[in-house]
Asker: 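First the structure, which I've put down as structure tokens, then a few questions once you've had a look.
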Amino acid sequence: MEPGRLFSDPTAAPIPSQRVAWFLGRPDPVEALARLRAGNARFTSGTPDPGGAPRGGVDSRPFAVVVGCIDARVPVEAVFGQGVGAICVVRSAGHVLDRAVTGSVEFAVTDLRVSLVVVLGHDDCRAVAAADEAVRTGRRPAGARRFLIDQIAPAIPTAGSADHSLDAATRSHIRRTVATLRQADYLKEALAARRIDVVGGFYRLESGHIEML
């Protein structure tokens, strides 16, 4: 793939050079995703990063923001093989979006100038399982948890569908979250200007492998 092309649109024209310059030396969306994929490969193989981990500080320049689940079994920086300062992480149960989460992603894009947004779901997601149970039983939880369930429920396959599984529901929820972020005002502007890309990933707890959707 040529440098400057968006990962999710391989037929698109290269990003104009003035747009690449906007990143102040940071990787474009294609290179940013390549770094995350390489980092995950290191993580699954147990190979340390030969370049060393960034130390962060005032000169830290993150290149991606990851919207992930709160599940403690998914340490986001570790599974992507990134050190301090490389990526921003925003977490909520089931990677559900609200104004704070979306605003944080927009902040990473507009103020921190990251070039890639990743929605990271995982197998055995308990938030998705809770939404599946609520859809099947018709019983929704009380309190603020109801908001989480209501946001995930549209991704739950019907009981009679060909692929009624939590993995299928999680993948559907990831894709819905990606689509929603793509329509957020400032992210839509950045996508149209070809400054960023928004993609989804599915993390396997047992293997540590991340499948890009």
Side-chain angles (χ1 to χ4, degrees), residues 6-9 29 33 36-37 40 64-77 79-80 87-106 108-109 114 116-188 191 196-213:
L6 290 177
F7 172 80
S8 61
D9 186 5
L33 183 60
L36 294 184
R37 293 168 75 104
N40 180 241
V65 56
V66 179
V67 181
C69 181
I70 64 170
D71 197 304
R73 298 171 294 175
V74 189
V76 177
E77 290 91 344
V79 303
F80 276 117
I87 59 176
C88 304
V89 180
V90 187
R91 303 182 74 150
S92 65
H95 60 267
V96 165
L97 299 178
D98 61 12
R99 288 178 63 85
V101 172
T102 303
S104 297
V105 175
E106 290 181 353
V109 169
V114 303
L116 184 67
V117 180
V118 180
V119 177
L120 184 65
H122 62 92
D123 59 345
D124 191 32
C125 180
R126 291 154 191 177
V128 174
D132 180 72
E133 181 179 1
V135 169
R136 287 188 294 103
T137 63
R139 295 193 298 270
R140 296 160 65 211
R145 288 178 300 163
R146 178 173 295 185
F147 174 79
L148 297 172
I149 298 304
D150 289 347
Q151 297 305 302
I152 300 172
I156 303 298
T158 59
S161 66
D163 189 9
H164 182 219
S165 69
L166 290 184
D167 278 7
T170 301
R171 284 186 169 86
S172 176
H173 180 46
I174 293 168
R175 292 187 177 100
R176 286 175 54 86
T177 307
V178 168
T180 300
L181 283 173
R182 283 178 165 270
Q183 292 304 310
D185 289 341
Y186 291 103
L187 301 189
K188 184 163 58 176
L191 280 162
I196 68 166
D197 198 5
V198 184
V199 300
F202 184 84
Y203 176 71
R204 285 286 182 187
L205 294 172
E206 184 173 351
S207 68
H209 175 69
I210 296 173
E211 169 196 354
M212 303 311 300
L213 303 181

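One-based numbering along the sequence shown.
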Asker: Using modelled atom types only, decide if a donor and an acceptor are shared between the side chain of Arg182 and the backbone of Val198 within a distance under 3.5 Å.
Answerer: yes

Asker: Does Leu205 offer a backbone N or O that forms a donor-acceptor pair with the side chain of Asp123 under 3.5 Å?
Answerer: yes

Asker: Test side-chain contact (heavy atoms from CB on, under 4.5 Å) on Leu166 and Asp132; report intermediate values, then the result.
Answerer: CA-CA 8 Å; Leu166 290 184; Asp132 180 72; 3.8 Å; yes

Asker: Is a side-chain donor or acceptor of Ser172 paired with a backbone partner of Ala168 at a separation under 3.5 angstrom?
Answerer: no

Asker: Indicate yes or no for a side-chain donor-acceptor contact from Asn40 to the backbone of Ile210 under 3.5 Å, with no hydrogens or angles considered.
Answerer: yes

Asker: Do the side chains of Asp150 and Arg146 get close enough for a salt bridge, i.e. N-O under 4.0 angstrom?
Answerer: no

Asker: So, for Ala153 and Ala131, which heavy atoms are closest and what is the spacing to 0.1 Å?
Answerer: N-CB, 4.3 Å

Asker: Is a side-chain donor or acceptor of Arg91 paired with a backbone partner of Gly68 at a separation under 3.5 angstrom?
Answerer: no

Asker: Is a side-chain N or O of His173 found less than 3.5 angstrom from the main chain of Val128, in a donor-acceptor match?
Answerer: no

Asker: Report yes if some heavy atom in the side chain of Leu97 is under 4.5 Å from a heavy atom in the side chain of Gln151; otherwise report no.
Answerer: no

Asker: Can you tell me which residue among Arg204, Arg171, Arg37 is in a salt bridge (charged side-chain N to carboxylate O under 4.0 Å, His left out) with Glu211?
Answerer: Arg171

Asker: Is any side-chain heavy atom of Val65 closer than 4.5 Å to a side-chain heavy atom of Val90?
Answerer: yes

Asker: Passes side-chain contact (heavy atoms from CB on, under 4.5 Å), Ile196 versus Val114? Steps please.
Answerer: CA-CA 7 Å; Ile196 68 166; Val114 303; 5.7 Å; no

Asker: Counting only heavy atoms not in Arg73, do more than 12 fall under 6.0 Å of its CZ?
Answerer: yes

Asker: So do Val117 and Leu181 actually touch side chain to side chain, heavy atoms under 4.5 Å?
Answerer: yes

Asker: If we only count heavy atoms from C-beta on, is the Val101 to Val96 side-chain gap below 4.5 Å?
Answerer: no

Asker: Hey, does Ile87 have a side-chain heavy atom less than 4.5 Å from the side chain of Leu36?
Answerer: yes

